[in-house]
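Note that ligands are numbered from 1 as they come in the structure, with each ligand's atoms numbered from 1 the same way.
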Amino acid sequence: MTYDIAVLRGDGIGPEIVDQATKVLAAATKAIPGIDLAINHLDGGADYYVRTGQVAPEITWTAMRQADAILMGSMGHPDIRMPDGTEVQGHFVVNARKSLDLYAGVRPIKAYPGSRGLDPSAKVDLVIVRESTEGLFASFGGGAQVSDDVFADTMIVTRKGSERISRYALELAGTRRGRPSDGAALVTCVDKANIFRSLAFFRRVFDEVAADYPTVRTDHALVDSFSMNLMLHPEDYDVLVTENMFGDILSDLAAALVGGLGLAPSGDIGDDHAMFQPAHGSAPDIAGQDRANPVATIVSARMMLDWLAERHDDNKLRIAAEVIERAVVETMAAGALTADLGGSLRCSQFGDAVAESVRRIASELAA
Ligand code: ATP
């Protein structure tokens with residue numbers, strides 16, 4: 001089967017890092033017979049907005065809807081704003097999440113060799129599952145001006161939204177190796193149930209759904225004290241499930257555990273569509289200099305293959321995903337690192353090195 005992959009290279013470092021991911025995907029499809037990916041480049045983003053006054057053309061939205069999966073680079077630029085002062089990427093990503101119903105924001109946080117986390121000896125392997133269609137972001141593009149000096153955005157929490165994100169997190173925990181400290185499969189519901197009725201409801205629905213998963217341990221945490229515990233004891237966490245805004249903030253915070261944003265991939269996943277992109281922004285300060293770290297984007301592309309493999313029960317894709325993951329780990333373990341991690345490789349050289357590892361690992365597997 002040929003998989004149609006919609007690709008948005010985006011702005012800033014987006015094009016450079018996406019080119020490394022598509023390079024690695026091409027190496028995998030060539031080295032592992034029976035995989036066919038049709039890469040379809042689409043317009044959209046801040047530069048496109050400057051040229052046209054639109055965030056993306058209609059054909060991009062149609063192609064994204066029709067694609068088997070979407071791969072994105074980073075998007076946006078702090079100096080390019082919509083008339084209401086907001087940045088372009090929020091409109092693109094939030095609209096994509098809403099229109100394609102991408103309700104699960106999946107952010108794996110895992111240490112790679114050479115990554116410089118806060119505590120390099122800490123064992124970090126957790127996933128943040130962020131509800132991505134409601135919560136505080138439900139009022140994105142809306143909100144209310146109550147008076148000249150008072151503005152309001154509303155947090156929306158529904159049973160449907162809370163149920164499906166809880167189920168997603170509990171199912172995910174069943175497929176993982178558990179938390180690093182003792183291997184226990186654990187889902188921690190991170191909320192502020194002691195203050196907000198909406199989040200007390202989120203917790204109640206989580207507990208109801210968790211009753212269907214007796215083999216997965218569950219726990220609750222309040223987002224404020226949890227933030228400290230996450231930094232101090234990351235090895236005690238496996239899967240976290242949380243409201244939209246909390247998930248947004250915790251994802252960037254947790255990236256510090258593994259040495260920065262250049263290493264944090266993400267998937268925005270729904271029942272019928274999914275979009276994969278690095279968790280970081282378009283880093284205009286280093287754009288166009290071949291200096292960015294493409295790991296987050298390459299690993300996002302690997303997550304895309306895993307999602308497609310699961311959805312289509314395609315073992316070749318599963319193998320390709322494993323090969324890419326191993327290639328990233330082995331490349332970094334060999335000391336091939338970009339400047340943000342203290343290495344000397346350019347972004348494109350790192351992409352070449354991972355592609356080369358993919359070819360080597362695939363041929364070893366075939367032998
Ligand atoms: P956004 O709000 O769009 O997510 P941001 O304000 O979080 O963006 P980023 O664009 O993610 O900011 O960049 C934050 C810092 O991290 C910048 O100094 C940038 O150079 C650095 N950075 C981000 N991504 C990478 C990367 N892939 N490789 C190297 N450095 C990066």
task = State whether the number of non-hydrogen atoms from other residues, nucleotides or ligands found under 6.0 Å of Q289 atom CD is greater than 12.
result = yes

query = Which protein non-hydrogen atom lies closest to atom 26 (C) of ligand 1, naming both residue and atom, and how far is it?
reply = N293 N, 3.7 Å

query = Is there side-chain contact between E87 and I80, with at least one heavy-atom pair below 4.5 Å?
reply = no

task = Starting from atom 2 (O) of ligand 1, find the nearest protein heavy-atom neighbour and note its residue, name and distance.
result = Q89 NE2, 4.3 Å

task = Group every Ile, Leu, Val, Met, Phe, Trp and Tyr by side-chain heavy-atom contacts under 4.5 Å, then state whether I59 and L100 land in the same group.
result = no

request  = Using a 4.5 Å cut-off on heavy atoms from C-beta on, say whether the side chain of Q20 contacts that of K23.
outcome  = yes

request  = Specify the protein heavy atom at minimum distance from atom 10 (O) of ligand 1: its residue, its atom name, and the distance to 0.1 Å.
outcome  = A283 N, 2.8 Å

remark   = among protein heavy atoms, the one nearest atom 14 (C) of ligand 1 is L261 CD1, 4.1 Å

task = Measure the distance from atom 11 (O) of ligand 1 to every protein heavy atom, then report the residue, atom name and distance (to 0.1 Å) of the closest one.
result = G281 N, 2.6 Å

query = Hey, does D340 come in under 3.5 Å of ligand 1, counting only N/O atoms on both sides?
reply = no

query = Which residue owns the protein heavy atom closest to atom 31 (C) of ligand 1, what's the atom, and how far is it?
reply = I286 CD1, 4.1 Å

ask   = Can you tell me which residue and heavy atom of the protein come closest to atom 25 (C) of ligand 1, and the distance to 0.1 Å?
value = I13 CD1, 4.1 Å

query = Any idea which of T338, V295, D285 brings a heavy atom closest to atom 18 (O) of ligand 1?
reply = D285

